2 protein chains.
Amino acid sequence: MSHTLGIRQAQKQKTRKALLDAALALLEEQSLSSLGLREVTRAVGVAPTAFYRHFRSTADLGVALVEEALGSLHPMIRTTVSATGDPEERVARAIDLIARHVDGYPAHVRFIARERHGGVQPVREAIREQLARFAQEVRAELAKDPVSRGWSEDDLLMLAHLYVDQMLSTASLFLEALEGPEEERADRTSHVTQLATRQMRLIGLGRQHWLD
Amino acid sequence: MSHTLGIRQAQKQKTRKALLDAALALLEEQSLSSLGLREVTRAVGVAPTAFYRHFRSTADLGVALVEEALGSLHPMIRTTVSATGDPEERVARAIDLIARHVDGYPAHVRFIARERHGGVQPVREAIREQLARFAQEVRAELAKDPVSRGWSEDDLLMLAHLYVDQMLSTASLFLEALEGPEEERADRTSHVTQLATRQMRLIGLGRQHWLD
DNA sequence: CCATGCAGTTAACAACTGTTCTCTGGAATT
DNA sequence: AATTCCAGAGAACAGTTGTTAACTGCATGG
């Protein structure tokens with residue numbers, strides 16, 4: 001059950017969210033390591049010192065953004081890789097879900113792609129952790145599939161990492177298509193869909209013949 | 001033939017190289033978008049204004065770093081994917097070459113991984129271009145292989161991109177292993193080798209059965 | 001109802017940034 | 001030998017940064 005928090009705490013959460021949103025917007029054109037705290041507070045319309053009530057530093061804010069961007073994604077992952085329907089349909093469904101997610105949360109996707117190898121160690125670490133969790137969940141889902149009979153745990157995790165990387169790469173391509181000029185968008189999006197579909201299909205083939 | 005350039009031009013190239021080296025070193029702990037020109041000149045021991053004799057901005061310097069990091073890599077790519085020896089041996093050879101490259105030029109690898117999706121558009125563009133060239137070269141090399149008989153150009157390029165992404169991902173993992181504490185290095189490196197080997201092998205299997 | 005807590009403000013700090021203009025010494029050209 | 005060129009130096013600029021301290025006003029808990 002949800003405890004209705006006082007008008008005080010509510011207001012605090014509101015400015016906190018405003019700081020996160022402003023930061024995310026500013027990060028579309030730069031990296032976290034160059035994001036200044038004054039820049040963020042200015043965008044929100046709040047005094048620079050107010051920042052410290054919510055975050056120790058911009059790196060700290062970055063870690064919070066990782067939670068926001070990836071924390072809520074776990075249920076989606078599960079259904080994406082779930083072993084229902086024929087393989088070809090599952091691939092199409094997964095890619096469609098990725099496309100929708102990029103469409104709905106482009107700034108989050110950009111942030112993760114950018115900061116995964118970015119210049120701020122704690123943020124890299126947080127992303128690494130979340131992606132490792134994703135890989136574990138994908139592994140668990142793959143294990144349910146009859147195709148995985150006879151696979152070692154290690155090999156399942158290997159494949160799961162391959163899938164996670166592939167998803168991120170695809171998401172990044174969708175994002176680039178989204179960023180381009182409006183009249184090219186449809187073409188580029190369908191091109192990415194087609195590319196990603198065939199790559200997924202090829203990996204699926206490798207999976208089927210792994211135990212040969 | 002090489003024209004021996006005067007002592008004037010030589011000195012200029014020397015400071016230019018010093019600026020690039022200093023920048024690369026500074027970029028181990030931050031992103032290009034937060035790299036200041038004064039920071040770089042200070043590290044070299046040269047006046048801030050001297051920077052302008054070589055680069056218009058730090059973004060410009062970043063593009064030059066992309067050339068330095070990836071420009072000289074094309075001959076290596078060719079031999080890496082060359083279709084000699086049995087498949088298993090080729091995989092091992094490719095991964096070994098990646099490991100050696102990361103060992104020899106860790107800062108370059110880190111720079112590319114970091115700025116590929118980084119906050120500086122011209123640099124992203126430059127990396128995208130170079131990687132596209134790599135993919136084209138890999139495609140050409142794959143086409144020579146008898147296994148590729150009957151493949152469409154599009155499908156070959158699709159696979160080439162998959163290989164290029166996989167190489168970069170592997171390089172990044174080797175780098176992380178290299179950055180960790182010395183006593184874990186050997187274990188982590190061999191773990192990455194083993195993981196990458198199996199992923200490459202699985203992709204290879206998918207490749208063999210593509211036309212089924 | 002009153003005392004406490006605490007989100008956000010104001011003001012000030014030393015340090016730093018990119019960029020401009022002017023100057024200098026020595027290599028390059030004639 | 002005289003002249004031009006130009007990589008780098010030096011000084012100054014307005015603007016920015018993170019962090020500190022002391023404050024204010026209002027929601028909260030006793």
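Values below: every heavy atom of this structure, side chains too, minus hydrogens, waters and symmetry copies. This one's a predicted model, so the numbers in the text were calculated from it and none came from an experiment. All chains are named by letter (A, B, ...) in the order of the sequence lines, taking the proteins before the strands, and each is independently numbered beginning at 1.
- Among residues two or more places apart in sequence or in another chain, the ring-ring contact (aromatic ring centres under 6.0 Å, His included) test is passed with B/His117 by none.
- Across residues 14-29 of chain B, B/Thr15 each have a non-hydrogen atom less than 4.0 Å from an atom of DNA chain D (numbered order).
- Legend: ring pair (Phe, Tyr, Trp, His ring centres under 6.0 Å) pairs involving residues 59-85 of chain B, not counting sequence neighbours, sorted by first then second residue: B/His74-B/Phe134.
- The nucleotide range of DNA chain C contacted by chain B, defined by atoms under 4.0 angstrom from heavy atoms of the protein and reported 5' to 3', is C/dT17 to C/dA28.
- Within the nucleic acid shown, A/Arg56 has no heavy atom closer than 4.0 Å to any nucleic acid atom.
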Using the 3.5 Å cut-off, write out each protein N or O paired with an N or O of nucleotides 9-13 of chain D and the distance between them.
{"unit_1": "D/dA9", "atom_1": "OP2", "unit_2": "B/Ala47", "atom_2": "N", "d": "2.5"}
{"unit_1": "D/dA9", "atom_1": "N7", "unit_2": "B/Thr49", "atom_2": "OG1", "d": "3.1"}
{"unit_1": "D/dG10", "atom_1": "O6", "unit_2": "B/Thr49", "atom_2": "OG1", "d": "3.4"}

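- Among residue pairs with one or both ends in residues 174-193 of chain A, those qualifying as side-chain hydrogen bond (donor to acceptor under 3.5 Å, both in side chains) are A/Arg110-A/Glu179; sequence neighbours excluded.
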Could you walk me through whether A/Arg124 and A/Gln121 pass the side chain to side chain donor-acceptor pair (under 3.5 Å) check?
CA-CA 5 Å; A/Arg124 283 200 308 267; A/Gln121 203 264 334; 5.7 Å; no
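- A salt bridge (charged side-chain N to carboxylate O under 4.0 Å, His left out) check over residues 10-23 of chain B, counting only residues at least two apart or in different chains, returns the pairs B/Lys17-B/Asp21.
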Mind listing the side-chain donor-acceptor pairs of residues 39-56 of chain B below 3.5 Å, one per line with the distance, residues two or more places apart or on another chain?
{"unit_1": "B/Glu39", "atom_1": "OE1", "unit_2": "B/Gly36", "atom_2": "N", "d": "3.0"}
{"unit_1": "B/Glu39", "atom_1": "OE2", "unit_2": "B/Gln30", "atom_2": "NE2", "d": "2.7"}
{"unit_1": "B/Thr41", "atom_1": "OG1", "unit_2": "B/Leu37", "atom_2": "O", "d": "3.3"}
{"unit_1": "B/Thr41", "atom_1": "OG1", "unit_2": "B/Arg38", "atom_2": "O", "d": "2.9"}

Any chance you could list the contact pattern along nucleotides 25-30 of chain D? Use B for base contacts, S for sugar-phosphate-only contacts and - for none, protein heavy atoms under 4.0 Å, 5' to 3'.
B-BS--
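- In DNA chain D, consecutive stretches of 3 or more Watson-Crick or G-U wobble pairs with both distances under 3.5 Å are given as paired ranges: C:1-12 with D:19-30, C:14-17 with D:14-17, C:19-30 with D:1-12.
- Atom CZ of A/Phe51 and atom P of D/dT20 are 14 Å apart (whole Å).
- When the C1' atom of D/dC6 is taken as reference, atom OH of B/Tyr52 falls 18 Å away, rounded to whole Å.
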Side-chain atoms of residues 157-164 of chain B: list all donor-acceptor pairs with protein atoms under 3.5 Å, sequence neighbours left out, distances to 0.1 Å.
{"unit_1": "B/His161", "atom_1": "ND1", "unit_2": "B/Leu157", "atom_2": "O", "d": "3.3"}

For B/Gln194 and A/Asp154, what are the C-alpha separation, side-chain angles and deciding distance, and is it a side chain to side chain contact (heavy atoms under 4.5 Å, CB included)?
CA-CA 10 Å; B/Gln194 189 218 46; A/Asp154 248 34; 4.2 Å; yes
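- Note that CG of A/Leu202 is 12.5 Å distant from OG1 of A/Thr197, once rounded to the nearest 0.5 Å.
- Scored by the side-chain contact (heavy atoms from CB on, under 4.5 Å) test, B/Ser57 finds B/Ala59, B/Asp60 as partners (sequence neighbours excluded).
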